[in-house]
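Report on one structure; see the data block that follows.
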There are 4 protein chains.
Amino acid sequence: MAVAGKRKLRRPEKADANRKGLFQAAAYVVGKHGYSNASIGRITERCGLAQGTFYLYFDSRQDLFDQLLPAVGEEMIAYVSKAVHGSRDYFDVERRGLSAFFDYLTKNTGFFRILYESDSVSPEATRTHYENLARKYLKVLERARAEHQIRALTDVERDVLIYVLMGARDYLYRNLVLRGGADETRRNEIVDAFVSILRKGIGPEQTTP
Amino acid sequence: MAVAGKRKLRRPEKADANRKGLFQAAAYVVGKHGYSNASIGRITERCGLAQGTFYLYFDSRQDLFDQLLPAVGEEMIAYVSKAVHGSRDYFDVERRGLSAFFDYLTKNTGFFRILYESDSVSPEATRTHYENLARKYLKVLERARAEHQIRALTDVERDVLIYVLMGARDYLYRNLVLRGGADETRRNEIVDAFVSILRKGIGPEQTTP
Amino acid sequence: MAVAGKRKLRRPEKADANRKGLFQAAAYVVGKHGYSNASIGRITERCGLAQGTFYLYFDSRQDLFDQLLPAVGEEMIAYVSKAVHGSRDYFDVERRGLSAFFDYLTKNTGFFRILYESDSVSPEATRTHYENLARKYLKVLERARAEHQIRALTDVERDVLIYVLMGARDYLYRNLVLRGGADETRRNEIVDAFVSILRKGIGPEQTTP
Amino acid sequence: MAVAGKRKLRRPEKADANRKGLFQAAAYVVGKHGYSNASIGRITERCGLAQGTFYLYFDSRQDLFDQLLPAVGEEMIAYVSKAVHGSRDYFDVERRGLSAFFDYLTKNTGFFRILYESDSVSPEATRTHYENLARKYLKVLERARAEHQIRALTDVERDVLIYVLMGARDYLYRNLVLRGGADETRRNEIVDAFVSILRKGIGPEQTTP
DNA sequence: TATGAATGAGGTTTCATTCAT
DNA sequence: TATGAATGAAACCTCATTCAT
């Protein structure tokens, strides 16, 4: 006690801590039980606050839900961004990116559920998240093209590509990694196969005469 | 009365009708209000049955949810299958398939929600649905390969491809068609762009010396 | 049990009984604790039903409050009407009416509170009640005039009179009877004094030269 | 700073200002939303104080309510008193008094609600208010009698009269002015009709042989 | 087989009051 | 003296499920 000093939080710091605590608790609870079972009671209990306190930080349960995915989404994006830093070329970015995505979701299974249920609970939040994501993809693709690492794409091809890439990460994780229970070796195979298809497509072999 | 006959449904027929009625009502209500707001009351009201009657056909609300997506999913699959019948080659199948998928979801916006929320409400049902779908894709791919319309794929490439295709349909519809409000022209462009990427990939152009 | 027969209520009878039971319980609870403390829990507990059952008979708490005063008001009006039946003339009607009103409120102290708080809780209900009452007064006054028991009144005088009469009953009860704790003798004096003022007014005596 | 002086309120002055500010805010909030919706939060917010500060000036919410009506009631009484000053005779006092009462309530609709709901929230406050009022009436009547402007009244007649007058103001305002939406002309008619009834009563005309 | 009244747990939200700052 | 974050007890309402008819 005499030693302390550090442990005591000033008023505004405490407020920040509570807010963050509620976000974390919400992420945990929604990730584990789904939005519809994420009651205020469960959330506040988990971070040691009273139910009423919740309303000092959020207008309503919906208000929290509207902010949840964008908040946790940034974290995921940051994780993946960091992982792809220093890649050799565009296809290396995709390889590392998909791999890091698998990693992140494996470690944060909750994020998975937050993401997938968000669409029905808060379309707005979902839209924001996907826009954040799309912006990221766009930047990467533009640079890749500038450096002639990928072929020229029409505008619509580029838009389509962005969502194909997003969808791929999602579906590959859900169906092959999570449901398929893929170990590291298998995950690497998956990643390689994906990059191979992405690079070459699946058109028939050119028979050079 | 004893004479009657035509108009009156026999016992098992009536039971079947009720069961089907409940499914349809559930599809409508879940599609419109989401699983969590699909109360037994709303569902039974919509098909003119009493609340209690529900439990003669389903063990519980969950039991219904576990059966709902596979049931309505078959319809969607049938719709798409029919649309691709008579295609020229594999890429024509993909073209028509994606187009038909867009059509179906545009006409049956309810299906959309049943599908996307299903994952959190009944993972089992979702798994079944995606398995049905994967089987379909597999058959098509095998035949395409047999007829040399696509290049040779490793086993893992084939698995990856299947889920990339599924994810693409999902994400393209959600983000470009639905959210983007694409008209028919734009939808055709999207479909073409997708098939083009699928066929050729996005690797850099080969510069022939 | 073998004897029974009478005790068992048929379905629709029971529904009626429940509805009436809720009304009575509500009248009691509101009369005793006021509208704002008349929780659904208290009301249903008092008539031995579950909280949820309440909503089979009323859309909401407000819905009940919107119906409460008119319902109990009719009872009061009927009580007073019966008491004035067979009066000698108009002033006898007023005398007996006021007396009966005092009686009714003394026996049903709850009514008092239901009436006075109703204005802020359900203006609609209050309006309905006062309209019912005004109609009653009007009829009595018209007949009194037809039989030349009161002097000719202008239209606005008649309107004013009606509300003066209503207000008098209210204020005399509240201030002299209830608060003043009047016994029967005193109550009779009050009634007589009121009728005397009503009949003669308070203008200065005519000094006949 | 040390120099200052004028603008800064001394300690007790500031306390007084806060107290008065809370009263005013409470009058506004109760008048607009009713007692049951007059939360401490709303009241303090309106006068720019913190919630906790409330408890430096009042023991509890109830404590405030117990003082509110008498406080604002004085203002109304003062308004009416001023308006009747200089009247010709007693009936002129009643005429001007009723008229001023209508005026005051029309301008201060909030007072209306404070008054009518007060009975259930704080019977004590209500009693005090009506006693203040009754004293006023008594004085006026005594002088009127002394000057032979009204006929002789028994003690009980006088008591009854006081509450009939009070009830009349209340009911006429509520039902004919407020609900009836009376304009100035109509209001004057109402006032005149009331005074006429008050003066002459409604007994049948004397037919002088 | 079919009904629908009845249940009661559980959810979100409000708010008077306290207390460390 | 003044603050406002924190509390936690209700309150209203919904709904899956049961069961007597």
Side-chain angles (χ1 to χ4, degrees), chain A residues 8-12 14-15 17-19 36-45 48-64, chain B residues 9 11-12 14-15 18 36-45 48-64, chain C residues 8-12 14-15 17-19 36-45 48-64, chain D residues 9 11-12 14-15 18 36-45 48-64:
Chain A
K8 229 175 218 161
L9 275 61
R10 310 240 160 260
R11 201 89 71 83
K14 199 170 158 211
N18 281 346
R19 197 183 170 72
S36 78
N37 297 111
S39 63
I40 309 285
R42 269 219 257 246
I43 293 169
T44 50
E45 187 191 0
L49 292 173
Q51 290 210 36
T53 307
F54 178 89
Y55 291 89
L56 295 176
Y57 296 95
F58 298 95
D59 285 344
S60 65
R61 189 175 173 251
Q62 183 63 42
D63 180 36
L64 164 68
Chain B
L9 275 64
R11 200 93 62 74
K14 198 169 159 210
N18 281 348
S36 76
N37 298 109
S39 62
I40 308 285
R42 270 216 255 251
I43 293 169
T44 50
E45 186 191 3
L49 293 173
Q51 289 207 43
T53 309
F54 179 90
Y55 290 88
L56 297 175
Y57 296 95
F58 297 95
D59 286 344
S60 66
R61 191 174 170 251
Q62 185 62 43
D63 181 33
L64 164 68
Chain C
K8 227 175 218 161
L9 274 63
R10 310 244 160 256
R11 197 90 74 78
K14 200 171 157 211
N18 280 347
R19 197 184 171 72
S36 77
N37 297 111
S39 64
I40 309 285
R42 271 220 255 247
I43 294 169
T44 50
E45 186 190 2
L49 293 172
Q51 292 209 32
T53 307
F54 177 89
Y55 292 89
L56 295 175
Y57 297 95
F58 297 94
D59 286 343
S60 65
R61 189 174 173 250
Q62 184 62 43
D63 181 35
L64 164 67
Chain D
L9 274 65
R11 201 91 64 72
K14 199 169 158 210
N18 280 348
S36 76
N37 298 109
S39 61
I40 308 285
R42 270 216 256 251
I43 293 169
T44 51
E45 186 192 2
L49 293 174
Q51 288 207 45
T53 309
F54 179 89
Y55 290 90
L56 297 176
Y57 297 95
F58 298 96
D59 286 344
S60 67
R61 191 174 172 249
Q62 184 62 43
D63 180 33
L64 164 68

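All chains are named by letter (A, B, ...) in the order of the sequence lines, taking the proteins before the strands, and each is independently numbered beginning at 1. Quantities reported herein were computed from a predicted structural model and do not represent experimental measurements.
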Euclidean distance, atom [atom1] of residue [X] to atom [atom2] of [N] [Å, nearest integer]:
X: D/F58; N: E/dT17; atom1: CZ; atom2: P; value: 13 Å
X: B/L64; N: F/dA16; atom1: CG; atom2: P; value: 11 Å
X: B/E45; N: F/dC15; atom1: CD; atom2: C1'; value: 14 Å
X: A/Q51; N: F/dG8; atom1: CD; atom2: P; value: 11 Å
X: D/N37; N: F/dA11; atom1: CG; atom2: C1'; value: 13 Å
X: A/K14; N: F/dT3; atom1: NZ; atom2: C1'; value: 14 Å
X: C/I43; N: F/dC12; atom1: CD1; atom2: C1'; value: 12 Å
X: D/R42; N: F/dG4; atom1: CZ; atom2: P; value: 19 Å

Discussion item. I want to confirm an ordering. Mapping C/A15 and A/D59 to their closest nucleotides on DNA chain E, which one lands closer to the 5' end?
Written reply: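 Closer to the 5' end of DNA chain E: C/A15.
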Practice prompt. Report the residue (B/G52 or A/R61) whose heavy-atom-nearest nucleotide on DNA chain E is the more 5′ of the two.
Written response: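 Here B/G52 is the residue nearer the 5' end.
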Of all the nucleotides listed ([options]), which has the minimum atom distance to the side chain of [X]?
X: C/I40; options: F/dC12, E/dT17, F/dA6; answer: F/dC12
X: B/L49; options: E/dG4, E/dT17, E/dT3; answer: E/dT3
X: A/T53; options: E/dT13, F/dA6, E/dA2; answer: F/dA6
X: B/A50; options: E/dT3, F/dG4, E/dA6; answer: E/dT3
X: C/S60; options: E/dT17, E/dT13, F/dC13; answer: F/dC13

Worksheet entry | Of C/S39 and B/F54, the one whose closest DNA chain F nucleotide lies more 5' |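 On the 5' side of the pair lies C/S39.
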Fill in: Closest contact, heavy atoms only, D/F54 versus D/T44
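The answer is CB-CG2, 3.9 Å.
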Worksheet item: Do you know the tightest heavy-atom contact between D/N18 and D/Y57?
Response: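 Residues D/N18 and D/Y57, closest heavy atoms: ND2-OH, 3.0 Å.
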Fill in: Mate of F/dT21 where both pairing distances stay under 3.5 Å, Watson-Crick or G-U
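By the stated definition (distances under 3.5 Å), E/dA2 pairs with F/dT21.
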Discussion item. Side chain to side chain contact (heavy atoms under 4.5 Å, CB included), that's the test. Do D/N37 and D/R42 meet it? Break it down for me.
Written reply: CA-CA 9 Å; D/N37 298 109; D/R42 270 216 256 251; 3.7 Å; yes
Worksheet entry | Short side-chain N/O contact to E/dA6 OP1/OP2 from C/N18, under 4.0 Å |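 True: C/N18 side-chain N/O within range (under 4.0 Å) of E/dA6 OP1/OP2.
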Practice prompt. Take atom CD of C/Q62 as the centre, draw a 6.0 Å sphere, and report whether it contains more than 12 heavy atoms from other residues, nucleotides or ligands.
Written response: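 Atom CD in C/Q62 is crowded, with more than 12 foreign heavy atoms closer than 6.0 Å.
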Practice prompt. Among B/I43, B/I40, B/D59, find the residue that satisfies the side-chain contact (heavy atoms from CB on, under 4.5 Å) test when tested with B/L64.
Written response: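 Looking at B/I43, B/I40, B/D59, the match for B/L64 under the side-chain contact (heavy atoms from CB on, under 4.5 Å) is B/I43.
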Discussion item. At 4.0 Å (heavy atoms only), tell me whether A/L56 reaches a base, stays on the sugar-phosphate, or touches nothing.
Written reply: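 Contact class for A/L56: base.
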Item to complete: Could you tell me whether C/Y57 contacts a base, only the sugar-phosphate backbone, or nothing, with contacts defined as non-hydrogen atoms closer than 4.0 Å?
Response: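 The residue C/Y57 makes sugar-phosphate contact but no base contact.
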